[in-house]
K.L.:
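Let me give you the structure first, and then I'll get to my questions.
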Amino acid sequence: MIEAKKLGVSILYGVIAILLLGVITSVIFSLILQFTETQEKSISLLITIISFFSVFAGGFVCGGKGKQKGWLIGGTTGLVYSLLIFLYQYLGHSSIFTLEQLIYHICYILTAMMGGVLGVNIISGPVHN
């Protein structure tokens, strides 16, 4: 029971980290688009890269917080994030994921898994028996 609670809290920290990074970068990019001549098309690749970095960072945070099973909690963090986005899109805009979005979200889950593994290994350090 305690372990499940610890993993749940770790996943929550990871999802919050992803959402916070998303909000911060959204504000920055909206200000850039509002006050400069920059077009959205010209920064779309940068936005995609930052999205993957945010998901990786969320996986890293949850892996560091959970200290074990980084691939599992990282993947679950990515899955919960994707589920939240899907629910927002479905309930708020009455549309489902396109094939392109589905591929992105599968890659987000894999990226969060990698972040979780690195978070466990870097923050927890080597495990000696």
Side-chain angles (χ1 to χ4, degrees):
M1 178 69 178
I2 294 173
E3 183 175 321
K5 182 178 179 182
K6 182 179 176 184
L7 293 178
V9 169
S10 301
I11 292 166
L12 182 63
Y13 270 78
V15 171
I16 289 172
I18 294 169
L19 294 175
L20 279 176
L21 286 170
V23 167
I24 291 167
T25 56
S26 292
V27 168
I28 290 169
F29 281 120
S30 67
L31 291 173
I32 289 170
L33 291 171
Q34 179 68 32
F35 296 112
T36 66
E37 297 296 320
T38 306
Q39 299 294 315
E40 190 174 350
K41 292 182 288 186
S42 63
I43 60 172
S44 64
L45 178 62
L46 183 59
I47 291 171
T48 301
I49 291 169
I50 291 174
S51 297
F52 276 100
F53 173 76
S54 297
V55 173
F56 179 84
F60 188 86
V61 166
C62 81
K65 186 82 173 149
K67 299 189 188 319
Q68 61 182 343
K69 300 179 184 173
W71 67 273
L72 180 64
I73 59 175
T76 305
T77 299
L79 187 64
V80 168
Y81 169 72
S82 292
L83 183 64
L84 285 173
I85 299 301
F86 175 77
L87 287 174
Y88 171 77
Q89 186 172 328
Y90 181 70
L91 297 174
H93 299 285
S94 298
S95 64
I96 59 173
F97 282 166
T98 63
L99 181 60
E100 180 182 4
Q101 287 175 315
L102 185 62
I103 291 169
Y104 270 108
H105 283 274
I106 289 169
C107 292
Y108 286 155
I109 292 167
L110 294 173
T111 303
M113 278 181 175
M114 289 186 283
V117 168
L118 281 176
V120 166
N121 290 320
I122 290 176
I123 295 178
S124 298
V127 177
H128 300 287
N129 290 333

K.L.:
Between side-chain atoms of residues 42-49 and protein atoms elsewhere (two or more places apart, or another chain), which donor-acceptor pairs fall under 3.5 Å?
P.N.:
{"from": "Ser42", "atom 1": "OG", "to": "Gln39", "atom 2": "O", "distance (Å)": "2.6"}
{"from": "Ser44", "atom 1": "OG", "to": "Lys41", "atom 2": "O", "distance (Å)": "3.3"}
{"from": "Thr48", "atom 1": "OG1", "to": "Ser44", "atom 2": "O", "distance (Å)": "3.0"}

K.L.:
Measure the NE2-CD1 distance between His105 and Ile109 for me, rounded to the nearest 0.5 Å.
P.N.:
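Output value for this atom pair is 8.5 Å.
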K.L.:
Rounded to the nearest 0.5 Å, how far apart are CD of Gln101 and OG of Ser82?
P.N.:
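Those atoms lie 10.5 Å apart.
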K.L.:
Side chain to side chain contact (heavy atoms under 4.5 Å, CB included) with Ser94: which residues, sequence neighbours excluded?
P.N.:
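Not a single residue meets the side chain to side chain contact (heavy atoms under 4.5 Å, CB included) criterion with Ser94.
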K.L.:
Is the number of heavy atoms from other residues, nucleotides or ligands within 6.0 Å of OH (Tyr104) greater than 12?
P.N.:
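Incorrect, the count does not exceed 12.
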K.L.:
To the nearest 0.5 Å, what is the distance between OH on Tyr81 and OG on Ser54?
P.N.:
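Tyr81 atom OH to Ser54 atom OG measures 7.5 Å (nearest 0.5 Å).
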K.L.:
For Ile11, enumerate each residue passing the side chain to side chain contact (heavy atoms under 4.5 Å, CB included) test, keeping only those at least two apart in sequence or located in another chain.
P.N.:
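Ile11 satisfies side chain to side chain contact (heavy atoms under 4.5 Å, CB included) with Val15, Ile73, Thr76, Thr77, Val80 only.
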K.L.:
Got a sec, which pairs hit ring pair (Phe, Tyr, Trp, His ring centres under 6.0 Å) with one end in residues 3-35, sequence neighbours left out?
P.N.:
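As it turns out, there is no ring pair (Phe, Tyr, Trp, His ring centres under 6.0 Å) pair with a partner in residues 3-35 once direct neighbours are skipped.
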K.L.:
Of the non-hydrogen atoms in Lys6 and Gly66, which two are nearest, and what is the gap between them?
P.N.:
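Shortest heavy-atom separation between Lys6 and Gly66 comes out as CE-O, 3.5 Å.
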K.L.:
Considering only Ile, Leu, Val, Met, Phe, Trp and Tyr, and joining two whenever side-chain heavy atoms are under 4.5 Å apart, list the other residues clustered with Ile16.
P.N.:
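Traced through the cluster, Ile16 reaches Leu12, Leu20.
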K.L.:
Measuring from Leu19:CG to Ile85:CD1, what's the distance to the nearest 0.5 Å?
P.N.:
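So the CG of Leu19 and the CD1 of Ile85 are separated by 7.0 Å.
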K.L.:
Please tell me if the side chains of Leu102 and Ile106 come closer than 4.5 Å, counting only heavy atoms from C-beta onward.
P.N.:
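The answer is yes; the side chains approach within 4.5 Å.
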K.L.:
Could you list all the ring pair (Phe, Tyr, Trp, His ring centres under 6.0 Å) pairs where at least one residue sits in residues 45-75, not counting sequence neighbours?
P.N.:
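Only Phe52-Tyr108 qualify under ring pair (Phe, Tyr, Trp, His ring centres under 6.0 Å).
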